[in-house]
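Please read the structure below before turning to the comments.
One-based numbering along the sequence shown.
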Amino acid sequence: MSELHPSSDSRSHSLGDLLRSARDRQGLDLTDIAGATNVRREYLAALEEGRYDELPGEIYTRNFLRLYAKAVNEDPQRLLEVYVFERDRGNMMSLIEGQKEVAEQRRGGGGGSPRTRSRLGLWFSSILLIIAVVLLALWGFNSLLFSTPQDTGVVETGPIEGDTTVEEDTVEPEPVGPTTTFLTIITDPPGAVVSIDAFALAGVTPIEDAPVTALDSRLLQISLEGFKTYEERLDLTTNQRLEVALDPLDSSVLDTEESLDTEESSVSSSGGTIVVTITETTWLEVYQSEARNEGERLIYDTVEPGERYEFDLPVYIHAGNGVGVQLSINDQDAGTLGNPGEVLGRAFP
């Protein structure tokens with residue numbers, strides 16, 4: 001029976017509090033979450049602020065919440081329980097407030113004897129109690145219906161195999177707003193980076209069943225060192241599977257790129273080196289540039305105490321726990337990146 005209700009810890013914090021706290025622990029903002037899940041930023045903000053009426057629909061809201069939970073390493077089922085509890089509690093309170101307002105208006109009319117008004121008050125109280133009991137029963141049934149022993153992150157909306165029952169006069173609702181489809185990319189050779197509308201998918205090819213926001217015109221880009229960048233407009237309103245043979249660059253182009261790489265390496269190494277030692281668990285981003293999200297991304301992960309990295313300057317470092325990042329520049333101790341729990345970034349030219 002305890003599985004039908006959110007834990008006492010979850011009920012002491014709203015869904016928005018839990019999401020923001022998990023995101024802050026990872027050192028991410030809503031733009032980072034939107035890039036990792038391919039869910040629009042405004043929908044993620046609505047989830048955090050409890051504006052559920054601005055989300056496209058129940059099925060999509062649940063799927064968005066699952067993707068958000070996985071992006072911040074939280075249990076999707078726990079957050080779904082908190083969402084269902086808040087949604088049903090809000091519906092029940094709205095109904096009760098409406099009934100109270102009607103009762104107050106009738107009592108304010110001044111009509112009837114004290115005994116009549118007393119009976120009306122008792123009648124309305126009984127009706128409100130019955131409504132509250134029915135809503136609580138519906139909430140429990142809804143939680144049991146949608147509870148699953150293992151969350152796979154996939155929302156099934158189609159018919160059950162083998163079910164031949166046909167309901168007459170049933171109108172299927174049309175989807176409102178974007179939903180999620182799945183993209184599979186296989187390249188020859190493998191190891192390429194895949195981007196959708198300039199947002200890079202996790203990992204390199206082959207990429208299997210990556211979740212993407214369903215839109216009818218999205219720009220696919222596939223890039224691999226030594227090969228021409230592949231671009232194509234895709235209709236991603238349905239699941240897609242593509243196999244792409246990449247074309248190698250001309251030898252003259254490769255020679256030019258190699259010479260440029262050599263020049264860039266000499267320039268970056270001339271600034272010296274920086275050693276990053278991790279003393280506390282933190283989210284860490286490192287870029288081979290002097291600004292975040294520019295240049296080559298060297299690290300983008302949660303790192304643990306004891307890990308050590310050495311980079312050629314210049315670099316930009318962004319961390320979710322500044323005190324956990326110890327720095328040494330050209331063998332000179334440079335202290336920590338910041339204070340305990342401080343989320344910040346610094347450029348080291």
Enumerate donor-acceptor pairs with a distance under 3.5 Å from any side-chain N or O in residues 339-349 to protein atoms, sequence neighbours excluded.
unit_1 : atom_1 : unit_2 : atom_2 : d
Asn339 : ND2    : Glu342 : OE1    : 3.3
Glu342 : OE1    : Asn339 : N      : 2.8

Indicate every side-chain donor-acceptor pair of residues 293-303 with a distance under 3.5 Å to a residue at least two apart or in another chain.
unit_1 : atom_1 : unit_2 : atom_2 : d
Asn293 : OD1    : Tyr287 : OH     : 2.9
Thr302 : OG1    : Gln26  : OE1    : 3.1

Show the atom names and distances, to 0.1 Å, of all donor-acceptor pairs under 3.5 Å that link a side chain in residues 237-248 to residues at least two apart or in another chain.
unit_1 : atom_1 : unit_2 : atom_2 : d
Thr237 : OG1    : Asp235 : OD1    : 2.7
Asn239 : OD1    : Phe182 : N      : 2.9
Gln240 : NE2    : Asp235 : O      : 3.0

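Within the 4.5 Å cutoff, side-chain heavy atoms of Tyr316 are placed close to those of His318. Annotation: side chain of Asp216 is not in contact with side chain of Leu236 (no heavy-atom distance under 4.5 Å). Between Ile274 and Ile317 the shortest side-chain heavy-atom distance falls below 4.5 Å.
Sequence neighbours left out, the pairs with a member in residues 192-203 that pass salt bridge (Lys or Arg N to Asp or Glu O under 4.0 Å) are Asp197-Arg218. Applying the salt bridge (Lys or Arg N to Asp or Glu O under 4.0 Å) test to pairs two or more places apart or on separate chains, those with a residue in residues 275-288 are Glu285-Arg292. Contacts classified as salt bridge (Lys or Arg N to Asp or Glu O under 4.0 Å) and involving residues 320-330 (residues at least two apart or in different chains) are not found.
Nearest approach of Ile222 to Ala192, heavy atoms of both residues: CG2-CB, 3.6 Å. Across Ala71 and Leu28, no two heavy atoms sit closer than the pair O-CD1, 4.2 Å. Contact detail for Leu79 and Leu15: the closest heavy-atom pair is O-CD1, 3.8 Å. Closest of all the heavy-atom pairs between Ala202 and Ile207 is O-CD1, 3.9 Å. When all heavy atoms of Gln326 and Thr279 are compared, the pair lying nearest together is CB-CG2, 4.3 Å.
Legend: residues meeting side chain to side chain donor-acceptor pair (under 3.5 Å) with Tyr83, ordered by chain and number and at least two apart, are Glu58. Applying the salt bridge (charged side-chain N to carboxylate O under 4.0 Å, His left out) test to Arg51 and every residue at least two apart in sequence or in another chain returns Glu49, Glu54. Pro206 pairs by the side chain to side chain contact (heavy atoms under 4.5 Å, CB included) definition with Ile186, Pro190, not counting sequence neighbours. For Thr336, the side chain to side chain donor-acceptor pair (under 3.5 Å) criterion is met by no residue, not counting sequence neighbours. In this view, Asn73 satisfies the side chain to side chain donor-acceptor pair (under 3.5 Å) rule with no residue, not counting sequence neighbours. Residues satisfying the side chain to side chain donor-acceptor pair (under 3.5 Å) criterion with Glu307, sequence neighbours excluded, are Tyr309.
For the residue pair Ser14 / Asp17, a side-chain donor-acceptor distance below 3.5 Å is found, with atom types taken as modelled. Side-chain atoms of Tyr68 and Glu74 form no donor-acceptor pair, as typed in the model, at a separation below 3.5 Å.
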Inset, instruction - Determine, step by step, whether Leu65 and Asn63 satisfy the side chain to side chain contact (heavy atoms under 4.5 Å, CB included) criterion, reporting the C-alpha distance in whole Å, the side-chain angles of both residues, the deciding distance to 0.1 Å, and the verdict. - result: CA-CA 5 Å; Leu65 187 53; Asn63 199 36; over 6 Å; no
Inset, instruction - Would you sort out whether Leu67 and Ile33 count as a side chain to side chain contact (heavy atoms under 4.5 Å, CB included), showing the intermediate values? - result: CA-CA 9 Å; Leu67 293 171; Ile33 301 297; over 6 Å; no
Inset, instruction - Apply side chain to side chain contact (heavy atoms under 4.5 Å, CB included) to the pair Glu232 and Leu219, showing each step before the final yes or no. - result: CA-CA 6 Å; Glu232 180 182 354; Leu219 179 61; over 6 Å; no
Inset, instruction - List the steps and the verdict of side chain to side chain contact (heavy atoms under 4.5 Å, CB included) for Arg25 and Trp283. - result: CA-CA 8 Å; Arg25 285 196 301 272; Trp283 174 261; over 6 Å; no
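To the nearest 0.5 Å, the span separating CG on Leu183 from OG1 on Thr181 amounts to 7.5 Å. If you take CD on Glu48 and CG on Leu19, they are separated by 5.5 Å, rounding to the nearest 0.5 Å.
Proximity of a side-chain donor or acceptor of Glu290 to a complementary backbone N or O of Val315 within less than 3.5 Å is not detected. Formation of a donor-acceptor pair under 3.5 Å by the Asp32 side chain with backbone atoms of Asp29 is found in this model. Under a 3.5 Å cut-off, the side chain of Thr184 and the backbone N or O of Asp209 do form a donor-acceptor pair. The closest donor-acceptor contact from the side chain of Thr61 to the backbone of Gly57 lies under 3.5 Å. Between the Thr282 side chain and the Leu284 main chain, no donor and acceptor come within less than 3.5 Å of each other. In this structure, Asn330 contributes its side chain and Gln332 its backbone to no donor-acceptor pair below 3.5 Å.
For Asp333, the CG atom counts as densely surrounded, since its 6.0 Å shell holds more than 12 non-hydrogen atoms of other residues, nucleotides or ligands.
Cluster membership for Val39 and Tyr52, using ILVMFWY side-chain heavy atoms within less than 4.5 angstrom, is shared. Both Leu55 and Val84 belong to a common hydrophobic cluster when Ile, Leu, Val, Met, Phe, Trp and Tyr are linked at side-chain heavy-atom distances under 4.5 angstrom.
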